[in-house]
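A short write-up of the structure that comes next.
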Amino acid sequence: MIRVRDLTKRYGSHLAVDRLTFEIGPGEIVGFLGPNGAGKTTTIRVLTGFHPATGGTAHVAGHDVATDSLEVRRRLGYLPQEVPIYPDLRVAEYLRYRAALKGVPPKARAQAVARAMDKAGIADVARKLVGHVSHGYRQRVGLADALVANPPVLVLDEPTSGLDPNQRRRIKQVVRDLAPEHTVLFSSHILGEVQEVTNRVLVIHRGVLRADGAPAELVGAGARRRLRVAVRGEPQALASALAQAGVAGEVATCDGLAVVDVALPPGHEPVPALAAALAARALPVHELRIELPTLEEWFHGITEASDAAGEAGIAPAGGAGGGA
């Protein structure tokens with residue numbers, strides 16, 4: 001539904017997006033992550049037709065953003081971070097007006113508005129002035145606006161910005177419920193939210209795609225995984241089992257247990273071999289687990305930490321699942 005190939009955008013001498021490539025299929029909810037200034041907003045503006053690309057191509061629902069902009073806009077619903085609304089119109093009136101602007105036929109508008117309000121969970125404020133509803137409801141009115149023409153593709157830019165926890169929870173559930181009928185690109189700075197809502201994330205940094213994959217898979221492949229082992233037995237026996245499993249680490253003793261806590265290199269999965277080695281030595285296992293970084297720690301590792309590594313002239317640590 002969204003296909004981007006070698007997308008490049010310059011503002012004068014500033015390279016905002018650098019040969020960005022990715023695809024999003026039907027029914028996917030994809031998180032779009034990156035620090036401030038990473039190129040997320042620029043990419044969204046190109047996809048939604050606000051800015052032309054300097055190079056490369058972008059297609060939405062099979063239509064080229066550059067050469068078939070009107071068809072793209074008919075198939076794309078956009079919720080900006082700051083929702084532009086008319087406060088003196090009632091919610092239903094505002095949505096009927098927006099439906100007319102988006103080309104919804106007159107006979108279908110009432111049904112389109114009712115469907116959008118139901119999906120966004122705002123039917124209970126249909127008769128209220130938009131300017132009199134809470135900030136959370138205004139965000140949902142903006143979401144209903146994006147939905148009123150029933151587009152197959154939705155781009156949501158920070159949809160929970162400024163909301164309280166209950167309002168964020170409601171918006172997240174609404175977004176999850178959209179997946180059967182819509183493809184969603186969900187931009188947010190709240191990483192825990194992205195992990196809850198999306199089944200895949202794209203991470204962009206300095207205009208370059210740094211990672212693409214399921215959150216759990218990306219975090220699981222990260223360089224900051226740690227192996228923690230505690231057994232009841234002699235430290236030498238644990239050290240021997242670790243060596244057999246290809247793990248190098250210093251064994252310590254604590255409360256009568258032999259313990260080790262060691263960082264694992266990317267891709268190393270020693271647990272099955274280590275469990276077999278411990279069983280062969282009849283070492284009672286008190287703890288055997290791999291501790292994964294949080295999504296926030298992983299994100300830091302491929303953005304800020306990669307900058308520091310680049311400045312130091314070394315390869316960045318992190319589990320990027322793909323890149324442009």
Side-chain angles (χ1 to χ4, degrees), residues 2 4 6-22 24 29-48 50-51 53-54 56 58 78-82 139 155-163 168 171-172 175 184-224 266 292-324:
I2 298 176
V4 172
D6 293 324
L7 188 69
T8 300
K9 178 62 180 178
R10 288 184 178 274
Y11 297 101
S13 62
H14 174 63
L15 182 60
V17 177
D18 184 10
R19 294 169 297 167
L20 188 63
T21 294
F22 63 85
I24 300 175
I29 300 179
V30 176
F32 197 34
L33 304 178
N36 290 331
K40 300 191 310 299
T41 298
T42 296
T43 302
I44 287 173
R45 286 176 177 170
V46 171
L47 288 174
T48 52
F50 283 95
H51 292 325
T54 306
Y78 176 45
L79 174 63
Q81 184 174 352
E82 297 296 331
Q139 289 292 99
V155 176
L156 311 180
D157 191 5
E158 302 286 349
T160 62
S161 175
L163 303 186
R168 288 202 303 271
I171 288 287
K172 286 186 292 185
V175 173
V184 182
L185 182 64
F186 180 97
S187 173
S188 178
H189 282 96
I190 305 173
L191 301 187
E193 234 171 46
V194 172
Q195 196 164 17
E196 291 175 19
V197 172
T198 66
N199 47 29
R200 177 180 159 209
V201 296
L202 304 170
V203 180
I204 184 174
H205 182 47
R206 296 189 180 275
V208 176
L209 188 66
R210 295 292 178 90
D212 177 357
E217 293 175 359
L218 293 174
V219 170
R224 298 190 178 191
L292 298 177
T294 65
L295 185 62
E296 183 173 341
E297 290 170 336
W298 171 82
F299 178 80
H300 171 81
I302 65 168
T303 54
E304 288 191 29
S306 69
D307 284 344
E311 291 171 4
I314 59 176

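Between the side chain of T8 and the backbone N or O of R19, at least one donor-acceptor pair lies under 3.5 Å. With hydrogens and angles ignored, the 3.5 Å screen pairs a side-chain donor or acceptor of T21 with a backbone N or O of D6. Between the side chain of K40 and the main chain of G34, a donor-acceptor pair closer than 3.5 Å is present. In this structure, T54 contributes its side chain and R10 its backbone to a donor-acceptor pair below 3.5 Å.
Using a cutoff of 4.0 Å between basic side-chain nitrogens and carboxylate oxygens, D212 and R200 are scored as salt-bridged.
Rounding to the nearest 0.5 angstrom, the gap separating the CG atom in L79 from the OG1 atom in T48 is 12.0 Å. Distance check: E196 CD to S188 OG gives 10.5 Å after rounding to the nearest 0.5 Å. The OH atom of Y78 lies 10.5 Å from the CG atom of L47; values are rounded to the nearest 0.5 Å. Distance check: T41 OG1 to Q81 CD gives 7.5 Å after rounding to the nearest 0.5 Å. For the atom pair F32 CZ and I44 CD1, the distance stands at 6.0 Å (nearest 0.5 Å). Note that NE2 of H51 is 11.0 Å distant from OG1 of T43, once rounded to the nearest 0.5 Å.
You'll find the side chain of L33 stays beyond 4.5 Å of the side chain of I204, heavy atoms only. Between V208 and L20, the closest side-chain pair of non-hydrogen atoms is not below 4.5 Å. Counting heavy atoms from C-beta outward, V203 and L209 have side chains that stay 4.5 Å or more apart. When side chains are defined from C-beta on, F186 does not count as touching V155, because their heavy atoms never get closer than 4.5 Å.
In terms of heavy atoms, G31 sits closest to V194 at CA-CG1, 4.0 Å. Nearest heavy-atom pair, P159 versus S187, reported as atom, atom and distance to 0.1 Å: CD-O, 3.5 Å.
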Task: Steps toward side-chain contact (heavy atoms from CB on, under 4.5 Å) verdict (L156, V184) - done: CA-CA 7 Å; L156 311 180; V184 182; 3.8 Å; yes

Task: Steps toward side-chain contact (heavy atoms from CB on, under 4.5 Å) verdict (V46, V17) - done: CA-CA 10 Å; V46 171; V17 177; over 6 Å; no

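Side-chain contact, Q139 with T160: no donor N or O sits under 3.5 Å from an acceptor N or O.
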